[in-house]
Amino acid sequence: MFLCSRCSFAQAFSVIFIRCLNNKFLLRSLYRGMNTTKHVQHTWLLGILFLLIAAMLPQPHFAQERKVQNRPYIDMRRWHYGFLFGLHMQDLEFTHNGYTHMTEEGGQESWFADVAAYNPGFSVGVLGELYLTQYLSLRFIPTMHFGDKMVYFRDHLSGAEQKQTIKSTYISVPVDVKYAAQRFNNYRPYVVTGIAPMVDLTVKKQKELLTRRFDLAFEVGMGCDLYLPFFKLIPEIKFCFGLTDLLVKDRIDLTYKDLLKYTKSLDRVSSRMVVLTLYFE
């Protein structure tokens, strides 16, 4: 989850955006010893979010002052083209079923899983935007996301732990609807929502968990068009929620069948992602 118990009350409003990323079924002991690292990650993410919101808000001192507009007709073009790069964090949400595994020695194991820490990944892509009305546009954003997820497994009964690194190279083709406010001077805030088909090019077999290559995500985010003298800069933060079950339950790829206990302990695995992007037009 993106918020820890030591985050300040001022940070709590971000739960509105990322509550779906929380896992309700994990034991608190899974995170013991990791709180400091996650607290730093929370502060880093929230700091970026605060800066983006602050950049989108007008300064009261200049609220009524009109300035010369840079590139005043750029939004009236039928098509807009650009490129993007950014950072993102990948996550997985697990639904557990309480499965109990019988060991060869006659003991029992009950495994739980979660992504307990987040590693920033890199995103790069191109932007195509179709003008619809003064306030609406349709966006096509072919993007590649390079990142990984560290999955921790913990046996509820014995306390034993296991971990797996899942590296992912996603090709995503989001189709988003963008609703922008009226332009004032050289900035224009907006909100965006849509769907994003994705394919993972780096799925590896013979591991504790095997995820499917194809996914479909729902996206929602916000950003601001900043009109500079020679180009348009667009900072944006977006939250992606996977709609499909990524868990492969028929593990015919396994040669070491004892690894099947991790798959059997789960009913569903879905993806989550937070993406901070800079667009250039």
Side-chain angles (χ1 to χ4, degrees), residues 1-8 11-12 14-49 87-101 109-123 145-170 200 202-204 207-212 215 217 239-242 245-248 259-276:
M1 51 185 102
F2 284 95
L3 291 175
C4 64
S5 58
R6 295 191 291 169
C7 291
S8 66
Q11 295 171 335
S14 63
V15 175
I16 298 174
F17 304 106
I18 58 181
R19 183 177 297 274
C20 291
L21 298 176
N22 293 341
N23 194 319
K24 300 179 181 178
F25 301 95
L26 293 175
L27 300 176
R28 294 182 178 179
S29 58
L30 183 63
Y31 304 106
R32 193 168 298 164
M34 302 177 187
N35 288 340
T36 301
T37 300
K38 297 198 71 176
H39 180 75
V40 173
Q41 293 170 336
H42 304 159
T43 305
W44 177 80
L45 176 63
L46 291 168
I48 293 176
L49 184 60
L87 299 175
H88 72 272
M89 289 188 292
Q90 300 180 15
D91 190 17
L92 293 173
E93 180 177 342
F94 300 94
T95 301
H96 299 85
N97 55 29
Y99 169 77
T100 300
H101 173 70
E109 296 176 337
S110 181
W111 291 91
F112 293 80
D114 190 36
V115 178
Y118 305 101
N119 300 320
F122 180 70
S123 303
H145 302 285
F146 304 90
D148 62 79
K149 303 170 284 288
M150 180 65 73
V151 180
Y152 288 83
F153 304 92
R154 184 179 178 86
D155 179 14
H156 172 48
L157 301 177
S158 68
E161 295 185 355
Q162 177 71 3
K163 62 182 179 180
Q164 175 188 357
T165 300
I166 302 179
K167 295 185 177 180
S168 298
T169 301
Y170 288 112
D200 189 354
T202 55
V203 172
K204 292 187 177 181
K207 299 292 183 180
E208 288 83 355
L209 293 182
L210 179 62
T211 55
R212 304 183 191 278
D215 193 10
F239 301 88
C240 309
F241 306 94
D245 182 7
L246 297 179
L247 182 64
V248 177
L259 293 178
L260 193 60
K261 61 188 178 184
Y262 302 107
T263 299
K264 288 185 176 181
S265 66
L266 299 171
D267 281 339
R268 179 183 175 88
V269 176
S270 54
S271 64
R272 299 289 186 267
M273 190 183 302
V274 179
V275 188
L276 177 66

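In this text, all values refer to a predicted model and were calculated from it rather than measured experimentally.
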Legend entry - Nearest atoms (heavy-atom pairs only) where Val203 meets Leu210: CG1-CD1, 3.4 Å
Inset, instruction - Over all heavy atoms of both residues, which pair between Val275 and Cys240 is shortest? Give the atoms and the distance, please. - result: CG2-SG, 4.3 Å
Legend entry - Least distance between heavy atoms, His96 atom then Leu266 atom: CD2-CD2, 3.4 Å
Legend entry - Heavy-atom check, side chain of Phe241 versus side chain of Arg272, under 4.5 Å: yes
Legend entry - From Lys163 atom NZ to Thr165 atom OG1, the distance as rounded to the nearest 0.5 Å: 7.0 Å
Inset, instruction - Would you give the length of the straight line joining atom OG1 of Thr263 to atom OH of Tyr99, rounded to the nearest 0.5 angstrom? - result: 10.5 Å
Inset, instruction - Output all residues satisfying side-chain hydrogen bond (donor to acceptor under 3.5 Å, both in side chains) with Thr100, sequence neighbours left out; order by chain, then residue number. - result: none
Legend entry - Heavy-atom pair of closest approach, residues His145 and Ser123: ND1-OG, 2.7 Å
Legend entry - From Glu109 atom CD to Tyr262 atom OH, the distance as rounded to the nearest 0.5 Å: 7.0 Å
Inset, instruction - May I ask you to decide if the ring planes of Trp111 and Phe153 are parallel, tilted or perpendicular, using 30° and 60° as cut-offs? - result: perpendicular
Inset, instruction - Apply side-chain hydrogen bond (donor to acceptor under 3.5 Å, both in side chains) to Ser168 and list each qualifying residue two or more places apart in sequence or on a separate chain. - result: Lys149, Asp200
Legend entry - Heavy-atom pair with the smallest gap, counting every atom of Val248 and Thr211: CG2-C, 3.9 Å
Inset, instruction - Measure the OH-CD distance between Tyr118 and Gln90 for me, rounded to the nearest 0.5 Å. - result: 12.0 Å
Inset, instruction - State the CG-CZ distance between Leu246 and Arg212, to the nearest 0.5 angstrom. - result: 8.0 Å
Legend entry - Beyond-backbone contact of Phe94 with Val115, side-chain heavy atoms, under 4.5 angstrom: yes
Inset, instruction - Check for a donor-acceptor pair, side chain of Asn119 on one end and backbone N or O of Gly147 on the other, with a separation under 3.5 Å. - result: no
Legend entry - Interatomic spacing from CG in Leu259 to NZ in Lys264 - rounded to 0.5 Å: 12.0 Å
Inset, instruction - Locate the shortest heavy-atom distance separating Asp155 from Ser110; write the atom from each residue and the value. - result: OD1-N, 2.8 Å
Inset, instruction - Give a yes or no on whether the backbone of Leu209 and the side-chain of Gln164 come within a donor-acceptor separation of less than 3.5 Å. - result: yes
